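What follows is one structure encoded as structure tokens, with my remarks underneath.
Index from 1, following the sequence. Computed from a predicted model, the values in this text were never measured in an experiment. All values below were derived from every heavy atom in this structure, side-chain atoms included, with hydrogens, water molecules and symmetry-related copies excluded. Remember, it's 1-based here, ligands and their atoms both numbered in the order they're listed.
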Amino acid sequence: MTARPVDPLPKVWDPDAAIGEMLKGKKGLVVGIANEHSIAYGCAVKLRAFGAELAVTWLNEKAEPYVRPLAEQLGATITGTLDVSRPGELEAVFDRIAKEWGRLDFVIHAIAFAPKEDLHGRVVDCSSEGFAQAMQVSCWSFIRMVKLAEPLMTDGGVLITMSYYGADKVVNRYNMMGPVKAALEASVRYMAAELGPRGVRVFAVSPGPLKTRAASGISHFDELVQMAQERAPAQRLVDIAEVGRVVAFLVGGASSGMTGDTIYVDGGLHNMA
Ligand code: NAD
């Protein structure tokens with residue numbers, strides 16, 4: 001008997017078409033859109049394109065005119081402000097999700113903050129207050145989101161945060177965010193172990209350098225960009241759509257055998273010595 005020939009791939013392979021509507025019916029919260037360059041926006045666009053329904057938040061009133069139109073374009077059915085450093089705001093968002101949706105399938109946490117004075121200095125010199133603030137906004141807020149999401153993820157779920165290679169290796173000028181992202185990646189592993197039995201999976205996605213508002217806070221960020229373009233096997237930067245596609249894969253059932261990982265989307269840069 002001759003084997004059935006494998007269908008040939010289309011000449012121009014459209015990765016979005018290949019993923020299709022695999023997220024249809026899934027409901028998720030996306031935190032971290034500041035503008036159309038935000039990694040969170042790249043994730044939201046792909047998640048929506050693959051059929052998910054979204055809740056979208058913005059930091060404060062100042063951010064609203066930039067983010068609300070994007071949330072509307074994404075057809076977000078729950079929207080509002082969320083500053084994770086203000087007591088009660090995270091809880092209020094999850095209360096609303098519980099009331100309006102009654103359940104939750106995924107959370108995208110794509111936020112980070114560190115006071116400039118601390119971020120631009122040596123780790124050795126950082127202040128107690130600055131370190132605590134960076135940890136609270138960039139790491140603890142994810143832990144808290146996992147806690148609040150757990151009872152709503154009645155049919156399993158996926159929670160994803162954004163990290164960076166500076167968590168693992170010393171990257172010049174990433175400074176204090178290195179230890180903060182290391183704590184974030186370790187938290188992902190521990191929470192994945194804790195929630196795995198309930199079918200809830202937790203990931204960190206680690207993009208290569210992208211020109212966003214948060215990135216502009218890192219001094220000499222242009223050097224990181226140039227280095228990535230020269231040294232990554234892909235010889236280019238990744239874009240937010242590429243990050244979004246990986247996030248969609250993780251949220252979808254195709255990744256059901258994975259949890260607790262930090263997944264690089266950096267054109268292979270982290271593999272280089
Ligand atoms: P961005 O500026 O577009 O997004 C950062 C977001 O964090 C903004 O929407 C901002 O409002 C939000 N934020 C800050 N403090 C907050 C608070 N107290 N409460 C709620 N939200 C708050 O930049 P981005 O590059 O898209 O950053 C998203 C994530 O990706 C961050 O965790 C960042 O560390 C990570 N990351 C970025 C890069 C890069 O090169 N841009 C690379 C790897 C990882």
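- The environment of CZ in Arg173 is crowded: more than 12 heavy-atom neighbours from other residues, nucleotides or ligands sit within 6.0 Å.
- Inter-residue side-chain proximity for Val171 and Tyr164 is flagged as met; some heavy-atom pair is nearer than 4.5 Å.
- Between Glu91 and Arg144 there is a salt bridge, since at least one side-chain N of the basic residue sits less than 4.0 Å from a carboxylate O of the acidic one.
- Residue-environment remark: OH (Tyr66) stays at or below the threshold of 12 foreign heavy atoms within 6.0 Å.
- Of the N and O atoms on the side chains of Ser255 and Arg201, at least one donor lies less than 3.5 Å from an acceptor on the other residue.
- Taking a cutoff of 4.0 Å between a charged side-chain nitrogen and a carboxylate oxygen, Glu242 and Arg245 do not qualify as a salt bridge.
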Are there any N/O pairs under 3.5 Å between ligand 1 and the protein, and if so, what are their distances?
unit_1	atom_1	unit_2	atom_2	d
ligand 1	2 (O)	Ala214	N	2.9
ligand 1	3 (O)	Ser38	OG	2.6
ligand 1	9 (O)	Gly32	O	2.8
ligand 1	9 (O)	Ala34	N	3.4
ligand 1	18 (N)	Asp83	OD1	2.8
ligand 1	19 (N)	Val84	N	2.9
ligand 1	23 (O)	Thr212	OG1	3.2
ligand 1	25 (O)	Thr212	OG1	2.5
ligand 1	26 (O)	Ile39	N	2.8
ligand 1	32 (O)	Ile111	O	3.2
ligand 1	32 (O)	Lys181	NZ	2.9
ligand 1	34 (O)	Lys181	NZ	2.9
ligand 1	40 (O)	Leu210	N	2.8
ligand 1	40 (O)	Leu210	O	3.3
ligand 1	41 (N)	Leu210	O	3.0
ligand 1	41 (N)	Thr212	OG1	3.1

